[in-house]
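Right, one structure below, let's go through it.
Any value given below was found using the heavy atoms of this structure, including those in side chains, with hydrogens, waters and symmetry copies removed. This structure is a prediction, so every number in the text was calculated from the model and none was measured.
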Amino acid sequence: MLYQLYEAQRSLMEPFSDFAQAASKLYGQGAVWGQLPMAQRMAAGYDLLYRLGKDYEKPEFNIKSVKVDDEEVVIQEAVELDKPFCELRRFKRFTDEPHILKTLKSQPVVLIVAPLSGHYATLLRDTVRTMLQDHKVYITDWKNARLVPLSEGEFHLDDYINYVQEFIRRLQAEYGNCHVVSVCQPTVPVLAAVSLMASRGEQLPLTMTMMGGPIDARKSPTAVNNLAMNKSYEWFENNVIYRVPQGFPGAGRKVYPGFLQHTGFVAMNPDRHASSHYDYFKDLIKGDDASAEAHRKFYDEYNAVLDMDADYYLETIRTVFQEFDLVNGTWDVKNPQGQVERVHPQDIHSTALLTVEGELDDISGSGQTEAAHSLCTGIANDKREHYEVKGAGHYGIFSGRRWRELVYPKVLKFIAANDQPQSRAGNRGGLAAEDSIKPGRKVPAVAAKKLPAKKATAVAVKKPVARKKPGTGAAR
């Protein structure tokens, strides 16, 4: 019922938010009432009211170009693989310069596994933009569960792991090898995915870079860890899980709603957010457009949240934060064929491992990510590294100045030191970009807003067999 009440409140507030936006423009500089006394304050107040009440949709990556060897290279997004709950998205680079094209073709292939923990994959925009200078980049773009019809079946933590393995195999089939970078939440399922591939004797990624993730959440527990540890599984099931209301493609699906997650994010640092919004108000009055725009960009991303499928969320809470199955060696995962396999990180031998932590990380505490080294005992010492970023919080290790100036050079060097020549599948020719464009790929639009019920079925793309819920110009 809470979800329905939230949607009703949001629908009720929408016209007031639109009015505030219009009023802000009327009092703006050069507008009809812009010369009235206190006009700037009125415009700033209405603008702030609009941003506090507006609905935040999924942002775009909006990466149009990057520089490679001081030359501008055009970027085009494409969906390589469309799964019910995730898109494997590629950032294809185009150039007409032969020497740049040669560089692009030789650069390593990287799969960035983005978090499925509230925010969209666009949170890693800076990570992607920076890595595109020296790598072929793919990313997991997780879908909002309220937009996934019930006919697509359930989504479990096991499915997440199976998705990651499928994406790795796809890139290996395409290029012969790949590297994997995981940020925060996915460090745990990525380690599980690679471990299972190692136990089966499959080809593994050349490197795993794990950044700010809860490999062992028992170490230096944070407020996030303590909440998950101190509340029972049943508490989460009874207090944060709701069904998607009518009017969305995923109507009836059990989810952990995005608006509840956002409330939790803000509750962690309410004073900081209140101060930030007040500073925004003052910047508007002063006419400090640069600072105001920086605020907008941050909160356009921060306030855009997605619903998570309930099964996946609850299983993550239990497996990672309550029973610590990975570090205890008791984690069993069901593969797509329905077989149960035990996760053995010690079976990984050929993959190099880099872990990165922020000194001031208040989400994944000190030592939680580094714990991967004590699990991956099969990896030789000369193929493993750990790096603690001084002065960096959680977001600083993958976004912003510290990421670009401190972390990325380490990641770049580590991947380059463990890279191997690629063996491309098939004979490609043609365009002046990384690859010839393959048929059947699309560049999708930004996630849709709430849809009328009669259009809900239009979102469905594929219909896999529903899984029964268990016991509880071209380049290379």
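Side-chain rings of His179 and His135 stay apart, their centers remaining 6.0 Å or farther from each other. In this structure, the ring of Phe398 has its center no less than 6.0 angstrom from the ring center of Trp403.
A donor atom on one side chain and an acceptor atom on the other are not found under 3.5 Å apart for Glu370 and Thr355. For the residue pair Asp134 and Tyr408, a side-chain donor N or O sits within less than 3.5 Å of a side-chain acceptor on the partner. Counting only N and O atoms by type, the side chains of Arg170 and Gln165 include no donor and acceptor under 3.5 Å apart. Residues Tyr27 and Arg41 have side chains that never bring a donor and an acceptor to within less than 3.5 angstrom of each other.
A cation-pi arrangement is absent between Lys143 and Phe85 under the rule of less than 6.0 angstrom and at most 45 degrees off the ring axis.
Listed for the Glu301 side chain is a donor-acceptor partner under 3.5 Å among the backbone atoms of Leu123. Although no hydrogens or angles enter the test, the distance criterion places a donor-acceptor pair under 3.5 Å between the side chain of Asn177 and the main chain of Pro421. Between the side chain of Glu357 and the backbone N or O of Gln368 there is at least one donor-acceptor pair closer than 3.5 Å. In terms of modelled atom types and a separation under 3.5 Å, the side chain of Thr207 and the main chain of Ile415 share no donor-acceptor contact. Counting only distance, with no hydrogens or angles, the side chain of Ser199 and the backbone of Ser195 share a donor-acceptor pair below 3.5 Å. In this structure, the side chain of Asn144 does not engage the main chain of Leu147 through any donor-acceptor pair within 3.5 Å.
Taking a cutoff of 4.0 Å between a charged side-chain nitrogen and a carboxylate oxygen, Glu77 and Arg89 qualify as a salt bridge. Using a cutoff of 4.0 Å between basic side-chain nitrogens and carboxylate oxygens, Glu385 and Lys410 are not scored as salt-bridged. Residues Glu166 and Lys83 are paired through a salt bridge, judged by an N-O separation under 4.0 Å between the basic side chain and the carboxylate. Between Asp300 and Lys297 there is no salt bridge, since no side-chain N of the basic residue sits under 4.0 Å from a carboxylate O of the acidic one. Electrostatic pairing of Asp69 and Lys102 does not count as a salt bridge here, judged by no charged N lying under 4.0 Å from a carboxylate O.
Taking the six-membered ring where the residue is Trp, Tyr313 and Phe236 present perpendicular rings, their angle passing 60° and hence far from 30°. Relative orientation of the Tyr299 and His273 rings is perpendicular, given thresholds of 30° and 60° on the angle between their planes. Ring planes of Tyr312 and Tyr160: parallel class, angle under 30° (limits at 30 and 60°). The aromatic rings of His262 and Tyr302 sit perpendicular, their planes meeting at an angle over 60°, well past the 30° parallel limit. Ring geometry, Phe61 versus Phe91: the interplanar angle exceeds 60°, so the pair is classed perpendicular (tilted spans 30 to 60°).
Shown are Asp126, Thr127, Thr130; of these, the side-chain hydrogen bond (donor to acceptor under 3.5 Å, both in side chains) with Arg404 is made only by Asp126.
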